[in-house]
Amino acid sequence: MGKVLMKGNEALAEAAIRAGVDGFFAYPITPQNEVGEYLSLHLPEAGGVFVQAESELGAINMVFGAAAAGKRAMTSSSGPGISLKQEGISTLAGAEMPCVIVNMTRGGPGLGNIAPAQSDYFQATKGGGHGDYHCIVLAPSTIQELVDFMFEAFPLAEKWRLPVMILGDGALGQMMEPVDFRGRERLADSRKQPEWALTGAKGRKPHLVKSLFLHGDDLYHFNLRQQEKWEKIQAEEPKLELVAMEDADYAIAAFGSMGRIAGSVIDLARAEGIKLGLIRPLTLWPFPNKAIAELVGDGTLLQRILTVEMNLGQMVEDVRLAVNGKIPVDFFGSPGGRVPMPEEVLAELHKIIG
Amino acid sequence: MSTPHTLSFRFAGFGGQGVLLMGMMVSYAGMEEGKHVTWLPSYGAEMRGGTANCTVVVSDKPIASPVIQNPDVAVVMNEPSLAKFEPLVRKGGTLFINSSLVTGKSNRSDIRVVYIPATDAANELGTTKVANMVMLGAVVGDSGVVSVKTLHASLLPVMGMDKQKLEALNIAAMERGVALLKG
């Protein structure tokens, strides 16, 4: 079998099975319903567990339970459902439980609509739930990348003992593209029993999984250990893709679906003689600050960055922090589930560079 | 931006006419021929009798944007789609109109317009349901985006292997589309 033509949601679900997910805990919401639909049929066949929970709160707490038992646990939702899961996500981060959470973002706030949007960037990268924590946030642009990130997600979550969020959007979930699963069969879990796993404590001291630290300075020290961990993650894990940046006078910064649409803007601009490049963060947290800062250091050509998002301006704040005032960072946003055309973005670029 | 190696399509019609399937067929056939493809549906609170459309890009190189403002080819299966998509066809592009159901004509002189009585031809074959396959035969035959042979071979993988009984009828419909093109 060569490549297969699949919807993003289904490709993600198939990748989750092959990546070794043990349990998937679902509550339906458009535009990601095919994830749960696919897993309800195929995950039990592969030896895993699928549970349709009674609510989003139920689903995320089932993830907590399965992760605490040392299993690879996952859930998926879209904007409003992810909001409902926030208490659980904060608890998972507080208990240092690895898991994978997918947000196929739709228009918001509130119930919004079911069209593709990127308005959950703040929620994904700046906490979402309460307390000092971060999830690692991956932002795929294509269905193959969605699949590839799914394979990276559990090892990353387990390496750092943090929830990993895959931040997609309705377009990525609903569109179809050929994907390659060759050489990626589901393998038996070869991991040792995770050191935190709650397995009954027969013949050993009990393990404790909790996010409550009432005694003395326990929470203070826990928080400081998290800070050390974040520093390591920020040093080791940021990823970005640079396209046509070698000679670029201008750049578009964009992530996810917008990141690939921007690829066409680069072609349109270059055809007009505008030296435009693309900065596409693949990890939104940790944000690739350092790599972006290097683009605007002494003697660099880059004069201006246009950040384009399907929201009213969220990642642009991180781009500005990374650039630190060295060059102007402009913003063009298309909210409400309206996916901008490459020509619209090019027109915006013309306005800015004159 | 279109190059000779990239072709973009917009398929539009009533929900139930199989316009999403037309796009999937082109996408699958493109993949089978080793090309890069994207298929992007308009999705929403849509239902049978409502409107549906999808955007398909087939290219020799990796595809950046799956959203296309001005497609090289637009295929309109019903009247409302003509008004919506006729203005969007790229200058020099092609507009296919299901002339059985669409009474309007295109007034544009900067595009090529191909009228295919797809629904009538389908009825002659015994069922209106294959109007999409008639039109698809014409679109593929004309654009050469994939070979008609690959298109035939894509039918069962896309529709489901349990649809074998319907294969001959659908292939006859596609062949009818190719024939109508030649006039």
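Each chain gets a letter, A, B and so on, in the order its sequence line appears, and its residues count up from 1. Keep in mind that what you see is a predicted model, and the values were worked out from it rather than measured.
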Okay, side chain of S334(A), backbone of V339(A): is any donor-acceptor separation there less than 3.5 Å? no

May I ask you to decide whether R176(B) forms a salt bridge with D120(B), counting only side-chain N to carboxylate O separations under 4.0 Å? no

I'd like to verify something: which residue of G23(B), S27(B), P157(B), P66(B) has the highest number of heavy-atom pairs under 4.5 Å with chain A? P66(B)

For P340(A), which atoms come within 4.5 Å of any heavy atom of chain B: side chain, backbone, both, or neither? backbone

Under 4.5 Å to a heavy atom of chain A? For I63(B) that would be both

Of L21(B), N53(B), V56(B), the residue whose pairing with F11(B) passes side-chain contact (heavy atoms from CB on, under 4.5 Å): V56(B)

Does any non-hydrogen side-chain atom of D249(A) lie less than 4.5 Å from one of I274(A)? no

